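Since the structure is predicted, the reported quantities are computational estimates derived from the model, not experimental observations. Proteins come first, then strands; the chains are lettered A, B, ... in the order of their sequence lines, and each starts at number 1.
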Amino acid sequence: MPRLTPADASLILDHVVGDPSTPAAAANALLAELPFPSRPTRRLLRSVLLRRLGSDPVSPAALDTLQLLASLPTPAPAIAAAHLAVAAFLAASAPDFDAAAGALFARPDGRARRAVDEGGDPALVSPEAVAVADQFEAAVGNAFSQSVLRGLWGGRAAAEERVRELLVAEWAAIGPSQLEVAAERIVGDGAVETWRAAEESIRAKYRMLAGEERAREILSRLEEPTSNVNPISTPEVHKVLDALKSSCADLHSAVEDPLPAAKAAADEVLAARMDKAVDINAEEVNNQAASCSAAAGPSALNNQGEASRKGTLSSLMDWNSTARTFQWEDSLDPEGSRSQSHIPHLPSPRRNQVSPLQLADNKAKRRRARKWSSVEEETLRKGVDQFGSSNWKDILIHNPDVFIGRTAVDLKDKWRNMMR
DNA sequence: TATTGGGCTAACT
DNA sequence: AGTTAGCCCAATA
C-alpha cells in the first residue's frame with residue numbers, strides 16, 4: 001500500500017470535510033488524522049470555517065470566523081446580516097456596554113467598524129451596517145440609547161438564527177469537490193471531450209475508473225461521428241455489432257458493479273475509526289454527492305435512470321431557495337415580500353430608531369418548506385434510538401451539523417410523518 | 001422552556 | 001378533489 005501523499009490527503013479532506021452531510025465528529029477526526037494542506041482548496045478552507053462557525057455561532061471567535069469567511073471569494077449575501085447581528089449582539093449583551101460597544105464600533109479601529117465601514121470587506125460593507133455601527137457608537141454613555149439597542153440586538157437567538165441562515169446558504173453553495181470535478185470530467189457529461197483528447201494508454205486508465213459499461217457508452221458516443229462515414233458500415237456490419245453489443249450487455253448485467261461495494265467498504269473503514277459510529281451506507285453517500293453539488297459526482301453513473309435522482313436534485317433547489325429566505329421582516333414596503341423576498345436586507349436606520357415595542361407587530365414569515373434529506377432522516381432515526389422520541393432538543397443539539405435550519409419541533413413533526 | 005397535538009398550506013397525484 | 005410533507009400555533013407541564 002503506497003503512503004498517503006499530501007496531495008491525496010488534500011483531495012480526501014476537500015471531498016469529505018467539504019461535504020455538509022459529513023458529521024462533525026467524522027470531519028474533526030479526519031482533520032486531526034490527516035496533514036492539513038499547506039495550500040488548502042477554497043472548498044476545504046470554507047468548510048472548516050463553516051464547521052467552526054456552526055459549533056460556535058455567536059461569540060467573539062465567531063466574529064473572527066465571519067470576517068475570515070467574508071474575505072473568501074463570493075461569500076453568501078447573508079454574511080452581512082450574520083456579521084452585523086453577531087457584532088451587535090456582542091455589544092448589546094455585554095455587561096459593560098460602553099466598553100464593548102466602543103471596542104466593536106468606535107471609529108476608526110472598532111473590530112466590527114473596520115469590517116463594515118469604507119475600506120472594509122466588500123461583503124460586509126453597507127450603509128445599513130454603518131448606520132447600526134453609528135448607533136452603537138453614539139449610544140456609548142447614553143443610557144436610553146443603550147436600552148433601546150439592547151432591546152433590538154440583545155437576543156442571542158436572533159443572532160444565532162442569522163448565522164444559521166448564513167450556514168445554510170454557504171453549505172448549499174459550496175460546490176463540488178475536486179474529486180467530483182475530476183469524476184465529472186472522466187465519467188460525467190464532459191467525458192466525451194476528455195476521452196477524445198486522451199491517448200489510448202490514458203483511456204485504459206479512464207476505463208478502469210469509469211467501469212466497463214459507462215466506458216462503452218462514452219466510447220460509443222465518441223465514435224459516432226466517424227462511424228457514420230465508415231466505408232465498411234453496411235447492414236451486415238451493423239447486425240454483427242448489435243449482436244456483439246447485446247451479448248456484451250448481457251455479460252455486464254451478470255457482473256455486479258464493484259463501485260458501490262467498494263464505497264460501502266470504505267464507509268465501514270471510516271466508521272470504524274470514529275468513536276461515534278458513522279455508518280452511512282453507499283446509497284447515502286451517493287445522495288450526498290449529488291446533493292452537495294449540481295455536477296454529477298463519480299457515483300452518479302451507478303444510478304443512471306433511477307427515478308429518485310430527480311427528487312434529490314429538486315431538493316437541492318429547495319435547499320438553495322431556503323438558503324435565501326430571510327426572516328428580517330422589518331420592511332416598510334407592504335409588497336416587499338413578493339418579488340425581492342430573497343434579497344437580504346438589513347434593518348434600515350429609520351426603522352431602528354422606533355421603539356422596540358413596535359417589533360411585536362412583526363409577524364414572522366412562514367419558512368419555505370425544505371425537503372428532508374436521507375441523511376437527516378437517518379440521523380433522526382438514530383437520535384430517537386439514542387434519546388427516545390420525546391427528546392427532540394437533545395437530538396437536535398447532538399447533530400447541529402446535520403439538522404441545519406431545523407428546530408426541535410421540526411424533528412418532532414418529521415418523526416410523526418415517518419411513523420405514519 | 002420543551003413537548004405536544006391540531007391545524008394550515010404548498011406541492012403533489 | 002384528495003393526499004402528503006413540512007411548517008406553524010397555542011396549550012400544557
Tell me: [atom1] of [X] to [atom2] of [N], nearest whole Å?
{"X": "W372(A)", "N": "dA5(C)", "atom1": "CH2", "atom2": "P", "result": "13 Å"}
{"X": "K371(A)", "N": "dC12(B)", "atom1": "NZ", "atom2": "C1'", "result": "11 Å"}
{"X": "E377(A)", "N": "dT4(C)", "atom1": "CD", "atom2": "P", "result": "16 Å"}
{"X": "F403(A)", "N": "dG6(C)", "atom1": "CZ", "atom2": "C1'", "result": "15 Å"}
{"X": "R156(A)", "N": "dT1(B)", "atom1": "CZ", "atom2": "P", "result": "13 Å"}
{"X": "D394(A)", "N": "dT1(B)", "atom1": "CG", "atom2": "P", "result": "16 Å"}
{"X": "L396(A)", "N": "dA2(B)", "atom1": "CG", "atom2": "P", "result": "10 Å"}
{"X": "D413(A)", "N": "dG5(B)", "atom1": "CG", "atom2": "C1'", "result": "10 Å"}

Can a side chain N or O of [X] be found less than 4.0 Å away from OP1 or OP2 on [N]?
{"X": "R367(A)", "N": "dC8(C)", "value": "yes"}
{"X": "R420(A)", "N": "dT3(C)", "value": "no"}
{"X": "W415(A)", "N": "dT3(B)", "value": "no"}
{"X": "K414(A)", "N": "dG6(C)", "value": "yes"}

Quiz item: Mind checking whether W415(A) and W392(A) have parallel, tilted or perpendicular rings, split at 30° and 60°?
Solution: tilted
Exercise. Please tell me which of the listed nucleotides, dT3(B), dA5(C), dC7(C), lies nearest to the side chain of D410(A)?
Key: dC7(C)
Exercise. For the side chain of V409(A), starting at C-beta, report the closest nucleotide among dC9(C), dG6(C), dA2(B).
Key: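 Ranking dC9(C), dG6(C), dA2(B) by closest atom to the V409(A) side chain puts dC9(C) first.
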Quiz item: Taking atom types as modelled and ignoring hydrogens, do the side chains of Q67(A) and H83(A) form a donor-acceptor contact shorter than 3.5 angstrom?
Solution: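 Side-chain D/A pair, Q67(A) to H83(A): present.
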Quiz item: Base, sugar-phosphate, or nothing: which does K412(A) touch, judged by heavy atoms less than 4.0 Å apart?
Solution: base
Quiz item: dG6(C) base to R416(A) side chain: any donor-acceptor pair below 3.5 Å?
Solution: no
Quiz item: dG7(B) base to R366(A) side chain: any donor-acceptor pair below 3.5 Å?
Solution: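 Result: no qualifying N/O pair found.
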Practice problem: Take N399(A) and E376(A) through the test side chain to side chain donor-acceptor pair (under 3.5 Å) and record every step on the way to the result. | Solution: CA-CA 9 Å; N399(A) 300 279; E376(A) 286 178 304; over 6 Å; no
Practice problem: Identify the two heavy atoms, one from P57(A) and one from V86(A), that lie closest to each other, and give their separation to 0.1 Å. | Solution: O-CG2, 3.8 Å
Quiz prompt | Least distance between heavy atoms, A76(A) atom then L166(A) atom | solution =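 A76(A) and L166(A) have their closest heavy atoms at CB-CD1, 4.0 Å.
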